Every structure is written in structure tokens, then in C-alpha cells.
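Counting starts at 1 for both ligands and their atoms, in listed order. It should be emphasised that the depicted structure is a prediction, and the values quoted were computed from it without experimental measurement.
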Amino acid sequence: MRKDLVGYLQRLEKMHGPVWRTPMGPGAIITMLGPDAVEFVLKNRDGAFSSNRGWVPFIGRVFPGAIMAMDGDEHRYQRRIMQVAFRKSALRTYLEQMGPAIDLGINAWLKPDEPSAARQMYPLLKQLTLDLAASVFMGVELRESAKELNRAFVATVAASISIIRVAIPGLTLWRGIRGREVLVKRFRALLPGKRATHTADFFSEFCHAQSEQGERFTDQEIIDHMIFLMMAAHDTTSSTLTTMIYLLARHPEWQERLRVKAVSMGKAQLEHDDLEQLEELSWSMREALRLTPPLTSMPRMCISDTVYQGYRIKAGQMVGVYPMHVHYMPSLWTNPQSFDPERFSPARQEDKRHAFAWVPFGGGAHVCIGQHFATLQVKAIMHQLLLRYRWSIAPGYAMPYQLVPIAKPRDGLPVTLQRIA
Ligand code: HEM
């Protein structure tokens, strides 16, 4: 399962069909495959599936108060306020702020006198997205405290998959809880300043956001949302960028095609209205998210008995749905293993074969609130990268993935970067 998630699920599907039960301690995990199952669970029409009970065992200790682990009215209430920070005018401003920061960040990847050099892409991308998160999310420059903050984030995310669920000093969960303390302290210290002024960053937006019903966040809610948001944004975006860079190195003809388009835009930094014109870049991003969705599976717990296509699911059973498996179904995708961005073109629209055929951002009430922000950020970074560098991988190289909790390369993705501007 850890080596080849899709192959494993497909093998079991052949033996047991699309739904099966794995006994686990006193309970069981129900695996539900296919776009109908993903739709059934994520839309959750009869309220049988709890995100809270699904996610809390993984993230509860390190991300308490995370919106992803809320249900029903509480979730709707928090999401109404949070939505304000993702309105179009705010996204436009975030993009304007990111342009120069991306330029500064990627320019430093090679020294001025280095025409080309070997680099590990994943750490560079993580650093870049963390720096952007600091400016666009927190409205601060991290500089000397960046390492401490990055370490704290890495520890909190790693704790989500810690097998030992007891906080033993030195072990993963303990480090995650310590990491969270660093983050809470940092956000709490900045909060009064953020409340006092209104600046163009998520932190300030959360401090001032008010839903149409007049609802507002408390201080603790702001801290919890900021910590979760920064993790949700920075790890998923660096995962997506890493996969794109890898795939475009494997398919240099696509890298060149995107570069030609980027050059034709005639500008170093994108503005919001440019985004829609970069069609091929959109297809490539969607294809990368199809082949390796950063979140390969999503947990829920069944809290009231329900029936799906004749299968009885009982309260107390954990349920797992797998976007990645859907993304490789031959009934939905032509040659699903192959990198073929044009499958998303208006002429082919393979993603429209089922409303839940392409689900890297989930669906239903918990559908990713940052989807548009992520698209905008990935496109802005890729545009500048294409203009500045050409990159390649060693012949025959295949990137080894670690898929859980968020997909990333095991080896950092070694590439050769060549400066072109
Ligand atoms: C390519 C990048 C991203 C991917 C693939 C992704 C994926 C997802 C998925 C699958 C979920 C649903 C989880 C579930 O239903 O259990 C989700 C939720 C969420 N994402 Fe993203 N995400 C990305 C980027 C972002 C960014 C950039 C932000 C913030 C700026 C963000 C913030 C959130 C939040 C707050 C939730 C919880 C929403 C809720 O529960 O109502 N994500 N994301």
C-alpha cells in the first residue's frame, strides 16, 4: 500500500468489488472506491459521515480547531466567516504581493555566476512557499525565524501520521505538539497588531472578517485557523509544484510549449486577468493533480447507519475514500498512467465524465476553500520559473514518492537547473 497505493487498491477491487471492510481493533475501516462512492461520502446528504470523527484521530492533537475537522452548523458558521478572506478582490491583492517575492526567491536558486547547477527542487519549493505564506498569510517577513517556523510546521504535519499516538518526549507526536506551541506563541504575539490595522494578508483578513450575518472570529479561532491554513496551503502547493516540475522534466516538449506561451505573454509577473489565458498551464496543473493529488485519501467516520448501493455501513466504522484511485480509473481516463494535459482541453474534457472524476480538492461542504488561491499561486510561480530556468532530470530517473500524509518526493527531486534569463 505504501509503495503503490493505486495498484494495491486496484488489486483489492478485483478481489472484493468497490466496497470492502477491513477489521481494525474493535471497529473496521470501510474502503469505498469510484466516483459515485466519493460523491456519496463527500456530499454526505444524510449527514451520516463525520469529518470531525474522521480527521481528529490524525490531526486533533496538533491542529485543534481546524475547520476541516468540524461538522454541521459549527463548520458552516466558521466557513462563512473564512470565505470573506478568499473573495476575488482579496485574491487579486495576494497575487500582486506574491509577484516580487517569487522573483526574489527563485532568482537566488542559482548564483549570479552559475549558468547551471544541480539542485534539489523540493526543499527549494518548500522554502519559497513558506516565505510566500509568511508574507501573504501572516503579513510578515520571516528572515531569521524562518527556520524555527519551518521546523515547527514540519513537526506538526509529521505528527499527523505518527503511529504512536502517545506524546512520548523525543518522538513524533511530542515534537508535533511542541511545534504547535511555537506556532501558537508566534501568532498570539502578532494578533493585537493585526486587530489594530487592516492589511492585505489572510491574518489581518481573519481579524476583520465579518460574515453577512455579522459573525466574527474570536482570537483563539484566528490562531487555530491560521496554523491550519498555513499547513494546508504550503505543503499542498509545494507538493503540486514538485510534481509539475518532475513531469515537465520528463516531458521536455511540454516544458518548451509552456515556455513559449509564457514568453508570449510579454510580462515577467502575472496579473489576475492573465491567468485565464494560460490554458496549457492550467491543463498541466490539473494533470499533475490528477496523477499525484497531494491528499491521496480522505477519512470520515460513519455516525449513523447508512446504505450505499446495497452495502450497509454502520455507525462507528471509519470510511476511506481515495481521489487518487478515481484519477487512474480506465473507465474515466484515456491511458490513465500517461501524462497527457490535453485530456483537460475543451475538445476532450475527460474530467467532465463524472462530477467526481477529478477530485484533488475534494468535494461537498469541505471542498478546498483555497482551490482558487492555490491555482493562482502555482501558476504565478510556474510562469516565472519557465521564464527564468530550463530544468532536466537524469536519464531514466523516476521520482520516488512518499504519499502520506501529503505527497512528496523521498529524494528531494534532484534536477539540473539552467538559467535562461
Ligand atoms: C493544490 C493545492 C491544494 C490541494 C490539492 C488541497 C486539497 C484539499 C482537500 C482534498 C481538502 C478537503 C479535505 C476533506 O474533505 O477532508 C481541502 C480542504 C481545505 N483546504 Fe485545501 N488544498 C490545496 C491548497 C489549499 C490552500 C492554498 C489553502 C489555503 C490558502 C487551503 C485550505 C484548505 C482548507 C481551510 C480546507 C478545509 C475546508 C473545510 O473543511 O471547509 N488548501 N484541501
Side-chain angles (χ1 to χ4, degrees), residues 38-39 41-44 49-59 63 65-72 74-83 85-87 90-91 94-95 98 125 129-130 132-133 136-138 160 201-203 205-206 217 221 224-244 282 284-301 318-324 326-327 356 358-382 403 405-408:
V38 178
E39 182 167 12
V41 173
L42 296 188
K43 281 209 170 156
N44 194 19
F49 300 108
S50 163
S51 285
N52 174 267
R53 305 273 300 277
W55 275 114
V56 161
F58 301 102
I59 65 167
F63 295 107
I67 187 168
M68 189 169 77
M70 291 179 182
D71 289 327
E74 186 193 18
H75 173 253
R76 277 188 289 276
Y77 173 90
Q78 297 291 332
R79 185 140 175 153
R80 269 198 303 272
I81 311 174
M82 190 178 278
Q83 199 71 57
F86 289 88
R87 68 193 183 282
L91 295 184
Y94 302 146
L95 180 63
M98 272 191 289
L125 291 164
T129 52
L130 185 71
L132 293 178
V136 181
F137 287 60
M138 297 171 70
S160 319
D201 50 81
F202 277 107
F203 197 2
E205 285 286 337
F206 283 0
F217 286 144
E221 285 166 351
D224 291 342
H225 289 323
M226 281 305 297
I227 292 175
F228 178 71
L229 201 76
M230 287 195 56
M231 184 281 293
H234 133 88
D235 276 320
T236 49
T237 310
S238 35
S239 169
T240 310
L241 285 161
T242 307
T243 300
M244 283 180 85
S282 292
S284 305
M285 180 180 171
R286 291 166 79 85
E287 181 67 333
L289 286 168
R290 180 187 71 83
L291 287 164
T292 313
L295 216 62
T296 52
S297 64
M298 282 171 258
R300 297 289 189 265
M301 182 179 269
M318 285 292 274
V319 171
V321 290
Y322 295 85
M324 192 165 178
V326 178
H327 292 176
F356 278 67
W358 186 77
V359 276
F361 292 103
H366 287 276
V367 67
C368 178
I369 201 169
Q371 175 167 356
H372 296 298
F373 178 84
T375 307
L376 167 158
Q377 186 175 28
V378 166
K379 280 183 162 179
I381 294 173
M382 286 307 301
L403 292 178
I406 291 176
K408 67 171 194 177

### Query
Regarding Ser282 and Lys379, is there a side-chain donor-to-acceptor distance under 3.5 Å anywhere?
yes
### Per-atom contacts, ligand 1 versus Pro360 - under 4.0 Å to a heavy atom
5 (C), 7 (C), 10 (C)
### Query
Which atoms from ligand 1 have a heavy atom of Phe373 less than 4.0 Å away?
27 (C), 30 (C)
## Note on the structure
So for Met70 against ligand 1, with non-hydrogen atoms under 4.0 Å, the contacting part is neither
### Summary
Here the atoms of ligand 1 under 4.0 Å from any heavy atom belonging to Phe137 are 30 (C)
### Task
From the options Leu229, Leu376, Val136, Thr240, select the one whose nearest heavy atom is closest to atom 29 (C) of ligand 1.
Leu229
### Query
What atoms in ligand 1 come closer than 4.0 Å to a heavy atom of Ile67?
35 (C), 37 (C), 40 (O)
#### Entry: Short N or O distance, Thr237 and ligand 1, threshold 3.5 Å exclusive
no
### Task
Would you please classify the geometry between the Phe373 ring and the Phe202 ring as parallel, tilted or perpendicular, with 30° and 60° separating the classes?
perpendicular
### Task
Check each heavy atom of Met298 against ligand 1 and say whether those closer than 4.0 Å belong to the side chain, the backbone, both or neither.
side chain
Solution key, residues 365-372 side-chain donor-acceptor pairs under 3.5 Å, sequence neighbours excluded:
residue: His366; atom: ND1; partner: His75; partner atom: NE2; Å: 3.3
residue: His366; atom: NE2; partner: Ser51; partner atom: OG; Å: 3.2
residue: His366; atom: NE2; partner: Met70; partner atom: O; Å: 3.1

#### Entry: Distance below 2.8 Å from atom 21 (Fe) of ligand 1: protein N/O/S atoms
Cys368 SG
### Message
Whether Arg87 and Glu205 form a salt bridge (side-chain N of Lys/Arg under 4.0 Å from carboxylate O of Asp/Glu) is what I want to check.
### Response
yes
### His366 contact mode with ligand 1 (heavy-atom cut-off under 4.0 Å)
both
### Query
Applying a strict 4.0 Å limit to heavy atoms, is Pro294 in contact with ligand 1?
yes
### Task
Assess Arg290 against Trp358: is NZ or CZ under 6.0 Å from the centre of the six-membered ring, and within 45 degrees of the ring's axis?
no
### Message
So, regarding Arg300 and ligand 1 (criterion: nitrogen or oxygen to nitrogen or oxygen, under 3.5 Å), is there a contact or not?
### Response
yes
